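Sequence positions, counted from 1, serve as the residue numbers for this chain. These numbers were taken from a predicted model, which means no experiment stands behind them. For the numbers below, each heavy atom of this structure counts, side chains included, while hydrogens, waters and symmetry mates do not.
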Amino acid sequence: MPKSILLDWDDTLAHTRTAVVEAMEYILKKYNKEPWDITKVKYRDTKKSLKENFINFFGKDANIAYEEYLKYYVEYTYNKVTPMEKAIDFLKLCNQKRIDLYIISNKEKSLLLKEVKFCFPDILFKNILGNGDAQRNKPNPDPVYEALKGVKYEINKDNVWLIGDTKQDTECALNAEIQPILLGKGKFMEDDYIKNKTNTLIPLLAFENFSKIIEYLKK
C-alpha cells in the first residue's frame, strides 16, 4: 500500500479536453493560425507544457496570446471540466486509507486550482503543483521531489505512486524511481513503449480506469 499517490490532472483526474480545445481554437483563430488539430501535430513539443509551447504556436506574440488564452479559459470554458469517471470514489478511498494525495500538473496553476475546487471541493490534497512550481516540469522528476518535500519516508516505488495518462507522467515517475501507473491506454504512447516499460526494474502498471485501481487497492 503506497503512503502517497501523485496524480496528473488533465484527462487523468478530470476531463479537460473540451475546455482546452475550445480556448485554443479561439486564440488560434484570433491570430489567424491553423486549427488546433493541425497545430498540435505540426508544432507541439509533447515533452513541454502547453504554456512552453506557445512560442512554437505564436512566435513573438506568445506571451500576449497566452494571457488572452487564460482570460478566455477562465471566462468561458473552465466550468466545462468534469471529473473522470469514478475519480471521486478513488480519491475518497485514498482519504479513508490515509494515503496522502498530491496533484502534479504542467497546467497553469491559476487554472488548476480553480478546476480542482470546482471538481473536488471535498477532497483533501496535501499539495497541488502546476506549471513552474518546480524548477523543471514533468517529465523531469523535480515536481515529485517538490511535492513531497519534507516527507518522513523514502521516496521510492513502494511508498509513492504517480498516476497519469501520458508518456510525460510515466517518464517522470521512472526518473524519480517511483511507481508509474498508466490510466487508460496512454496518449502519445506506442504499444512497444508500453510493453517495454512493463519489463523494467520498476514495471509500469496499467489500469483501464479508476474502478480497476480501486479494486487493486482493496485487495
Side-chain angles (χ1 to χ4, degrees), residues 6-82 84 103-116 119 128-147 162-176 180 182-190 193-194:
L6 300 94
L7 298 112
D8 175 49
W9 179 252
D10 288 312
D11 291 332
T12 295
L13 273 178
H15 292 288
T16 62
R17 184 180 302 276
T18 297
V20 171
V21 171
E22 180 181 326
M24 283 303 305
E25 293 287 17
Y26 165 79
I27 202 67
L28 287 167
K29 185 176 181 180
K30 181 173 182 178
Y31 282 84
N32 297 312
K33 302 294 183 180
E34 294 170 297
W36 178 236
D37 281 347
I38 297 174
T39 294
K40 69 180 181 181
V41 173
K42 290 175 67 173
Y43 306 111
R44 189 175 191 179
D45 182 347
T46 58
K47 294 181 180 180
K48 295 183 178 181
S49 68
L50 182 63
K51 181 179 181 179
E52 292 169 315
N53 270 285
F54 260 60
I55 189 69
N56 300 334
F57 304 154
F58 298 98
K60 63 180 177 60
D61 295 319
N63 289 338
I64 188 170
Y66 187 69
E67 291 304 316
E68 291 172 331
Y69 164 81
L70 293 180
K71 182 179 179 181
Y72 184 91
Y73 194 105
V74 169
E75 289 184 2
Y76 299 107
T77 72
Y78 95 89
N79 57 359
K80 297 179 181 179
V81 173
T82 58
M84 191 67 68
I103 294 173
I104 57 171
S105 172
N106 288 351
K107 191 176 195 132
E108 183 69 28
K109 182 68 168 286
S110 61
L111 301 185
L112 181 60
L113 291 175
K114 197 172 184 69
E115 291 177 354
V116 171
C119 290
I128 299 173
L129 270 64
N131 177 63
D133 281 339
Q135 186 170 355
R136 298 173 297 175
N137 288 324
K138 296 181 296 184
N140 294 291
D142 301 24
V144 173
Y145 303 137
E146 181 67 25
L162 197 168
I163 300 177
D165 66 318
T166 69
K167 191 180 291 186
Q168 278 186 347
D169 302 307
T170 297
E171 292 298 323
C172 177
L174 293 173
N175 288 334
L182 172 62
L183 183 71
K185 297 181 179 180
K187 299 177 184 63
F188 311 112
M189 288 188 181
E190 304 80 17
Y193 172 86
I194 296 176

Y73 and Y78 aromatic centres sub-6.0 Å: no
Donor-acceptor contact below 3.5 Å, side chain N106 vs main chain K138: yes
Shortest non-hydrogen contact from N175 toward P139: ND2-O, 2.8 Å
Verdict with supporting geometry, D165 and D8, side-chain contact (heavy atoms from CB on, under 4.5 Å): CA-CA 8 Å; D165 66 318; D8 175 49; 3.0 Å; yes
side-chain contact (heavy atoms from CB on, under 4.5 Å) evaluation trace for R17 with D11: CA-CA 7 Å; R17 184 180 302 276; D11 291 332; 3.5 Å; yes
Minimum heavy-atom distance between S105 and L112, given as atom pair plus value: CB-CD2, 3.9 Å
Side-chain donor or acceptor of Q168 paired with backbone N/O of T46 under 3.5 Å: yes
Closest non-hydrogen atom pair between E115 and T16, with its separation: OE1-CG2, 4.0 Å
Which atom of R136 lies closest to which atom of D142, heavy atoms considered: NH2-OD1, 2.9 Å
Sub-4.5 Å side-chain heavy-atom contact between K107 and V20: yes
Chi angles and distances behind the side chain to side chain donor-acceptor pair (under 3.5 Å) call for E34, Y43: CA-CA 10 Å; E34 294 170 297; Y43 306 111; 3.2 Å; yes
Near-ring test F57/W36, centroid separation under 6.0 angstrom: yes
Criterion side-chain contact (heavy atoms from CB on, under 4.5 Å) on D45 and K48, from CA distance to verdict: CA-CA 6 Å; D45 182 347; K48 295 183 178 181; 3.5 Å; yes
With sequence neighbours excluded, residues passing side chain to side chain donor-acceptor pair (under 3.5 Å) with S49: E52, N131
Which residues share a side chain to side chain donor-acceptor pair (under 3.5 Å) with Y72, sequence neighbours left out: E22
Closest non-hydrogen atom pair, L28 against P35: CD1-C, 4.0 Å
Heavy-atom closest contact (G132 atom, N137 atom, distance): N-OD1, 3.2 Å
Side chain proximity check, T12 to M84, heavy atoms < 4.5 angstrom: no
Sequence neighbours excluded - salt bridge (Lys or Arg N to Asp or Glu O under 4.0 Å) pairs with any residue from residues 57-79: K30-E68
Under 3.5 Å side-chain donor-acceptor pair for E108 and Y69: no
Side chain proximity check, V74 to L111, heavy atoms < 4.5 angstrom: yes
